[in-house]
Amino acid sequence: MVTWKPDPSFYPSPRMAMKAAPETLAYVVAFDPTRAVPDELAVVDVDPKSASYGQIVTSVAMPNVGDELHHFGWNACSSCLCPNAPHPHAERRYLVVPGLRSSRIHIIDTKPDGRKPSIVKVIEPGEVAERAGYSRPHTIHCGPEGIYVAALGNAEGKGPGGVFLMDHETFDVRGQWEMDRGPQQLSYDVWWHLGHDTLVTSEWGTPDTFENGLIPEVLLGAKYGRRLHFWDLHKRKHLQTIDFGDKYQLVFELRPAHDPTKAYGFVNCVLSLEDLSSSIWVWHRDGEKWAVTKVIDIPAEPADPEQLPPMLKGFKAVPPLVTDIDLSMDDRFLYVACWGTGDLHQYDVSDPFKPKLTGKVRIGGIISRASHPGAKNGALNGGPQMVEISRDGRRVYFTNSLYGAIDEQFYPDGLSGWMVKLDAGEEGGIAFDEKFFVEWPKSHRPHQVRLEGGDCSSDSYCYP
């Protein structure tokens with residue numbers, strides 16, 4: 001008699017996931033900003049006991065050029081154990097890797113050897129457009145019944161953007177998720193509160209407003225995303241919009257509490273048009289509705305215009321440009337990446353409405369160009385961007401590239417890629433691992449990181 005067992009990397013609760021064995025590999029997507037050679041998925045050794053610790057051990061080249069690999073995710077995760085749509089015998093095996101510019105989706109098998117992944121399927125943009133009516137796939141999240149993909153454009157690359165589903169075993173594109181989108185037009189990130197039957201989406205812009213860089217007139221005209229949308233997860237219907245106001249632009253990364261009994265989450269706003277600050281907000285229940293509360297303001301730093309890129313000279317300041325956030329598995333520490341100033345902040349958010357700064361490091365930055373103990377070059381560019389946290393919360397990884405065309409706007413002398421790791425104290429505090437500095441090959445720039453067996457932004461849970 002054959003006995004089926006759930007994937008050992010699936011955990012019913014975040015508490016149990018925190019007890020998982022440490023990761024030994026990190027998967028990192030990297031793109032060629034010149035679109036001359038194929039983008040790659042790199043495998044980085046993150047096992048301190050290994051002779052190749054802190055090195056790229058192999059990479060998988062995509063079959064085409066110009067994909068601009070950006071965000072990616074697993075085909076299946078701990079949400080497969082949820083009681084409303086259980087798939088306990090699915091396997092966390094495949095990485096779903098879309099090209100944000102090309103709309104092409106690559107399925108990459110990480111078994112039998114995690115150090116030697118291989119492409120097993122490529123879904124062409126025509127299939128995505130025909131079956132789902134969308135293009136520019138951005139965010140990948142494994143849900144209880146399939147793979148959710150947030151796309152930034154419709155089939156023609158205009159609005160509305162939205163969400164579509166893929167089968168987590170065959171990788172067939174099932175189709176558009178929304179039954180009734182209401183007023184929603186712009187798209188960016190997608191996540192949910194499984195225990196509260198709620199899906200949340202955020203906003204950036206249509207592809208024609210960012211693919212060649214941020215457009216100053218659109219930004220200053222407050223035409224980029226500034227809203228959160230709340231949906232009935234099972235009826236697939238729009239319920240509520242929260243508008244942050246026309247001084248706030250680029251409401252981006254959604255990080256709901258991992259504990260499914262908690263109905264709140266964090267989202268970052270990249271820029272205030274009033275003073276170039278960035279901010280962190282909490283969405284939460286307010287009676288029968290959802291509400292948002294601003295809990296962190298990070299101010300811009302005054303700067304000599306001669307040292308600033310053309311886009312910022314008139315402002316005489318460096319904006320923090322908070323472009324990513326991540327929440328530890330125990331919902332205690334929020335990590336905030338300030339791509340403009342070069343800071344990575346750690347906040348204790350045990351009380352989500354009263355964050356306390358508990359750690360800070362600086363690396364890169366538009367003006368500071370802060371270095372790293374393991375770097376050969378004394379001045380680094382780029383800054384903390386995509387952040388990923390180990391399941392036990394003790395290791396934090398991040399890379400330094402945002403998006404090809406936007407990199408050039410804020411770092412016009414070019415951006416040399418790197419990846420670093422921080423060690424985090426159990427009660428707070430962060431410090432660089434001096435032995436971990438991955439200098440990226442000049443042909444590519446690294447973006448998102450995924451950790452072997454799951455991480456703090458890959459899985460969702462149905463039990464506390």
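Everything quoted here is computed from the prediction, not taken from an experiment.
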Taking the six-membered ring for Trp, are Trp281 and Phe244 ring centroids under 6.0 Å apart?
yes
Ring centroids only, cut at 6.0 angstrom: are Trp192 and Trp231 within range, meaning strictly under it?
no
Could you pull out all residues at least two apart from Glu288 that satisfy side chain to side chain contact (heavy atoms under 4.5 Å, CB included)?
none
Tell me if the NZ atom of Lys158 is crowded by more than 12 foreign heavy atoms within 6.0 Å.
no
Identify whether the distance between the nearest side-chain nitrogen and carboxylate oxygen of Asp180 and Lys237 falls below 4.0 Å.
no
Give a yes or no on whether the ring-centroid distance for Tyr94 and Trp74 is below 6.0 angstrom.
no
Determine, using ring centers only, whether Trp191 and Tyr148 are less than 6.0 Å apart.
no
Under 6.0 Å between the ring centres of Phe210 and Trp204?
yes
Between Phe72 and His447, is the ring centroid distance below 6.0 Å?
no
Walk me through whether Val97 and Arg450 qualify under side chain to side chain contact (heavy atoms under 4.5 Å, CB included).
CA-CA 11 Å; Val97 184; Arg450 284 280 173 229; over 6 Å; no
Can you tell me which residue among Glu127, Glu124, Glu68 is in a salt bridge (Lys or Arg N to Asp or Glu O under 4.0 Å) with Arg104?
Glu124
Looking at the rings of Tyr188 and His138, which for Trp means the six-membered one, are their centres under 6.0 Å apart?
yes
Between Phe230 and Trp290, is the ring centre distance below 6.0 Å?
yes
